[in-house]
Amino acid sequence: MAGAEVIAFQKGDPFPAAEVLDLAISVAIGRDLAASEEEMFSRILDWFLRPASRPEFMASIGRLLERGWISRRSGSEGDFDFCLTNAGVDGATTLSGGMIRMIDRGRGHFKTAFLLQMLELDKGKCS
């Protein structure tokens, strides 16, 4: 995947801190799947078959900003005009790759690199 680095965890290294909602929001931002909070809430409902509350959503955005995974686009005037930083692309790619391997249960049926390329996280990347 261009611009993304799948980080190999070393023994004792911490995992990138992220809750499921953090990862979902960062992937949606990275793929330009939501241009507003309303669209993001709709996307979350579609993916998880349950809505996210506004406090859950705002806490997740706060964590992503604090962690440096997302930032506001320069010159942004909208409330929901975020882009994915390099750290966000790397973190989302690493966690997504781990989830693909976890779902595959180590059998190697899923081609992780191919599936990660399908994410196109660079689409919503900060320029």
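The structure displayed is predicted, hence computed values, not measured ones. The residues of the chain are indexed from 1 along the displayed sequence.
The hydrophobic cluster containing Met58 does not contain Leu45, counting ILVMFWY residues as joined when their side-chain heavy atoms lie under 4.5 angstrom apart, directly or transitively. Cluster membership for Met99 and Trp47, using ILVMFWY side-chain heavy atoms within less than 4.5 angstrom, is shared.
The OG atom of Ser26 lies 8.0 Å from the CG atom of Leu95; values are rounded to the nearest 0.5 Å. Residue Glu19 holds its CD atom at 10.0 Å from CD1 of Ile25, rounded to the nearest 0.5 Å.
The minimum heavy-atom distance between Phe80 and Met40, with the atom names listed, is CZ-CE, 3.5 Å. In terms of heavy atoms, Ser96 sits closest to Leu23 at OG-CD1, 4.1 Å. What you find for Val27 and Ala92 is that their closest heavy atoms are CG2-CB, 4.3 Å. Counting all heavy atoms, side chain and backbone alike, Ile29 lies closest to Leu84 at CG2-N, 3.9 Å. The shortest non-hydrogen separation linking Glu39 to Leu33 is OE1-O, 4.1 Å. Considering every non-hydrogen atom in both Ile44 and Ala52, the closest pair reads CG2-CB, 3.9 Å.
By the side-chain hydrogen bond (donor to acceptor under 3.5 Å, both in side chains) test, Arg73 is found to be paired with Asp32, Asp81, residues two or more places apart in sequence or in another chain being considered. For Arg43, the side-chain hydrogen bond (donor to acceptor under 3.5 Å, both in side chains) criterion is met by no residue, not counting sequence neighbours. Scored by the side-chain hydrogen bond (donor to acceptor under 3.5 Å, both in side chains) test, Glu56 finds Ser53 as partners (sequence neighbours excluded).
The closest side-chain heavy-atom distance from Lys125 to Thr85 is not below 4.5 Å.
Screening residues 19-43 for ring pair (Phe, Tyr, Trp, His ring centres under 6.0 Å) gives Phe41-Phe57 as the qualifying pairs, with residues at least two apart or on separate chains. Residue pairs meeting the disulfide (SG to SG under 2.5 Å) criterion with at least one member in residues 41-75, sequence neighbours excluded, do not occur. Residue pairs that meet the disulfide (SG to SG under 2.5 Å) test with at least one member in residues 53-93, sequence neighbours left out, are Cys83-Cys126.
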- [ ] List the steps and the verdict of side-chain contact (heavy atoms from CB on, under 4.5 Å) for Asp90 and Trp69.
- [x] CA-CA 9 Å; Asp90 291 345; Trp69 280 28; over 6 Å; no

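Side chain of Ser42 to backbone of Glu38: no donor-acceptor contact under 3.5 angstrom is found.
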